[in-house]
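Model, not experiment: these values are computed from the prediction.
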Amino acid sequence: MVLEVALIDVTPGHEDDFAAAYAQARPILSGTEGCRSVRMTRGIESPSRFVLLVEWDSVEAHDVNFRQSERFGQWRELIAPHFAGPPLVEHFVDVPA
């Protein structure tokens, strides 16, 4: 399992519109083959900052099944108008305890 973490800064004043766009766009992402879960969080101290957490079967599932598909364009069309800048996206794996 791979965790995608996307730090998204939204244009101030667009927070509610972004949240509504995310609600509409979420099924596009969550319905992608290899996507295990999707969660969006919002900053308390920085209410224009959102963090998207997506569990994927692999980095390839994210890159090939989503980013290289028409789903990605549909997703971005809905949420990108509210971005203050490009999101920072990284992938992580669990550290064994």
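The side chain to side chain contact (heavy atoms under 4.5 Å, CB included) search around E60 returns S58, not counting sequence neighbours. Qualifying side chain to side chain contact (heavy atoms under 4.5 Å, CB included) partners for L29, counting only residues two or more places apart in sequence or in other chains: V38, L52, V54, W56, F66, W75. Not a single side chain to side chain contact (heavy atoms under 4.5 Å, CB included) links A19 to another residue, sequence neighbours left out. Under the rule for a salt bridge (charged side-chain N to carboxylate O under 4.0 Å, His left out), R67 has no partner lying at least two apart in sequence or in another chain.
The CG atom of L78 sits 12.5 Å away from the CG atom of D17 when rounded to the nearest 0.5 Å.
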(message) side chain to side chain contact (heavy atoms under 4.5 Å, CB included) for V5 and L53? Distances and angles first, verdict last.
(response) CA-CA 5 Å; V5 178; L53 304 166; 3.8 Å; yes
(request) Could you please spell out the steps behind the side chain to side chain contact (heavy atoms under 4.5 Å, CB included) verdict for F83 and H14? (result) CA-CA 9 Å; F83 292 171; H14 285 236; over 6 Å; no
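Of the candidates R42, E15, H82, E15 is the only one forming a side chain to side chain donor-acceptor pair (under 3.5 Å) with S48.
The same ILVMFWY cluster, assembled from side-chain heavy atoms under 4.5 Å apart, contains both F18 and F72. Each of V51 and I79 belongs to its own hydrophobic cluster when Ile, Leu, Val, Met, Phe, Trp and Tyr are linked at side-chain heavy-atom distances under 4.5 angstrom.
Judged by distance alone, the side chain of R71 and the main-chain N or O of I28 form a donor-acceptor pair under 3.5 Å.
Nearest heavy atoms, A23 versus P27: O-CD, 3.6 Å. In this structure, G34 and A61 approach most closely via the heavy-atom pair CA-CB, 4.1 Å. Nearest heavy atom pair, residue C35 against residue S30, reads SG-CA, 3.9 Å.
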Please list every donor-acceptor pair under 3.5 Å in which a side-chain atom of residues 87-97 meets a protein atom from a residue at least two apart or in another chain.
unit_1, atom_1, unit_2, atom_2, d
H91, NE2, H62, ND1, 2.7

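Residue Q74 qualifies as enclosed at atom CD: its count of foreign heavy atoms under 6.0 Å is above 12.
Sorted by first and then second residue, the salt bridge (Lys or Arg N to Asp or Glu O under 4.0 Å) pairs with a member in residues 2-12 read D9-R49; sequence neighbours excluded.
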